[in-house]
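Fair warning: this is a prediction, and the values are worked out from it, not measured in the lab.
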2 protein chains.
Amino acid sequence: MSTANPAATAGSRRMPEKRQAIARAASTVFGREGYTRASVDAIATEAGVSKRTIYNHFGDKEKLFLSVALETAGELTEIIAGLADRHLHKIVDLEADLTAFAVDRAKAVLSVGEHYALGRTIRAEAGNIPPDVLAAWLAAGPLASHRDLADHLARLAAQGLLTVDDPDLAATHFTLLTFSGAADQSFYGAVPISDTALRTTVTTGVQAFLRLHPRP
Amino acid sequence: MSTANPAATAGSRRMPEKRQAIARAASTVFGREGYTRASVDAIATEAGVSKRTIYNHFGDKEKLFLSVALETAGELTEIIAGLADRHLHKIVDLEADLTAFAVDRAKAVLSVGEHYALGRTIRAEAGNIPPDVLAAWLAAGPLASHRDLADHLARLAAQGLLTVDDPDLAATHFTLLTFSGAADQSFYGAVPISDTALRTTVTTGVQAFLRLHPRP
DNA sequence: GTCTATAGAACGATAGAC
DNA sequence: GTCTATCGTTCTATAGAC
């Protein structure tokens, strides 16, 4: 039998595929059910492994959650960075491009049931997460995306497309006006938000942002 | 023995004080622990009643939670309406008054451990709350406060203090710029936010709001 | 005497851990 | 697969109010 068949390597020393399957399953189930409601049984079933395998890889439920939280935060940050690059690198129509970015970002973060959608669970559990882990999650996730956005806005300002005194503040304004409202409406993805509602919220948000930071 | 002693009336027909004690305790414990972590035992202990009494009054844990959620939403709405009236009824210094209102409102909503601070628990459980109950909570809480704020802003605009085309949109801007950031930073009250951090966030938010809706 | 409320034990199911 | 703890819920017995 060839080692190219993953099933044939079931007893091998390292099992990164199983670990990854568990991580994806955990992300999905934690994101869908929340921390306390998500049972290790359900995660094991979703991952197609036994509970014992989960405990061997991650120790206990809390460590599993925290590990997966940090990993998916980094993945989502990269996804958002890709969206920003796609929509904001070369500006064609400023308002349209900002809107397209904001819509795609909101969809990425607020998507329900996706494997990187446990942001709402992390927020719901913030009070029970060790402060250093919470800080690490913030740094790998929301803060990293915030910095990336601030850099883009500063660059657009340097190109004469926006007025930006403080890129950090501008990024805050952009996120508040084009994302926070949608996040609040959808309870961070727990309740679906219609495409048209999202688009309306984002569009008016971008308009307000552009009034705060107009082309000079 | 006198009936003025509450303990002496233990077997009386109606016991609104006990019901209220349970409601307050439930609000506190649900707000502090979240829905699934809060045990009926803990609520009973906090309220100083037996578990059975809770079931007699509220049926089951879920009904208890939903009842208390709706009741406290209304209470918080009234508190915020009072704050708005106090700070916005007679304007002395527009920016200072708006800032004071926003600071007090954020403190009221994000106060940790207070008996009306289970907003974050409701948001965390939004996906598990029956849609009609969630809608009722929104109507009694956030939406009612939103409308009240919109009315105040419209009135200030009529007095020539602000430019407001759409009071609804203006209220949205105000909340996003002066509240949502603080709520996000503190994870809706799960993690304490320092007074200076709150004040800074709110102050810059009010400034942005006034740039969007300047005195004509 | 009957009714209601209470306290506390007990039950059954679930879920984390090994 | 098993063990054990926890938790939501129910049952039983006691006591005061009308």
*For A:Y35 and C:dG16, what is the distance between atoms OH and P respectively, to the nearest whole Å?*
8 Å

_For atom NZ of B:K18 and atom P of C:dT4, their distance in whole Å_ = 17 Å

*With sugar-phosphate meaning primed atoms plus P, OP1 and OP2, does B:A42 contact a base, only sugar-phosphate, or nothing at under 4.0 Å between heavy atoms?*
nothing

*What nucleotide among C:dG16, C:dT6, D:dG8 has an atom nearest to a side-chain atom of B:K51?*
D:dG8

*Let me know the distance between CZ of B:R19 and C1' of C:dT4, rounded to the nearest Å.*
17 Å

_Least distance between heavy atoms, B:L83 atom then B:A108 atom_ = CD1-CB, 4.3 Å

*C:dA17 C1' sits how many Å from A:H57 NE2, rounded?*
17 Å

*State which of D:dT9, C:dT6, C:dG16 makes the closest approach to the side chain of A:Y55.*
C:dG16

*State plainly whether the residues B:D168 and B:R147 are in salt-bridge range, i.e. N to O under 4.0 Å.*
no

*Take A:R37 and A:R52, find for each the nucleotide of DNA chain C with the closest heavy atom, and name the residue whose nucleotide sits nearer the 5' end.*
A:R37

*Output yes when at least one side-chain N/O atom of B:S50 is less than 4.0 Å from OP1 or OP2 of C:dA7, else no.*
yes

*asked:* Rounding to an integer number of Å, can you tell me how far A:F30 CZ sits from C:dG16 P?
replied: 8 Å

*Can you tell me how far P of D:dG8 sits from CD1 of B:I54, to the nearest Å?*
10 Å

*Should the pair B:W137 and A:F187 be assigned to parallel (<30°), tilted (30 to 60°) or perpendicular (>60°) ring geometry?*
tilted

*Using atom CD1 of B:I22 as one end and atom C1' of C:dA5 as the other, report the distance to the nearest whole Å.*
11 Å

*A:E125 with B:R37: basic N within carboxylate O range, under 4.0 Å*: yes

_Electrostatic pair A:E75-A:R24, nearest N-O below 4.0 angstrom_ = no

*Figure out the NZ/P separation between B:K61 and C:dT14, and round it to whole Å.*
15 Å

*Note the angle between the end axes of the helix from C:dG1-D:dC18 to C:dC18-D:dG1, five pairs defining each, rounded to 10 degrees.*
0°

*Options C:dA7, C:dG16, D:dG8, nucleotide nearest the side-chain atoms of B:V49*: C:dA7

*Any salt bridge between B:K107 and B:D104, counting N to O under 4.0 Å?*
no

*Presence of salt bridge, B:D184 and A:R123, under 4.0 angstrom*: yes

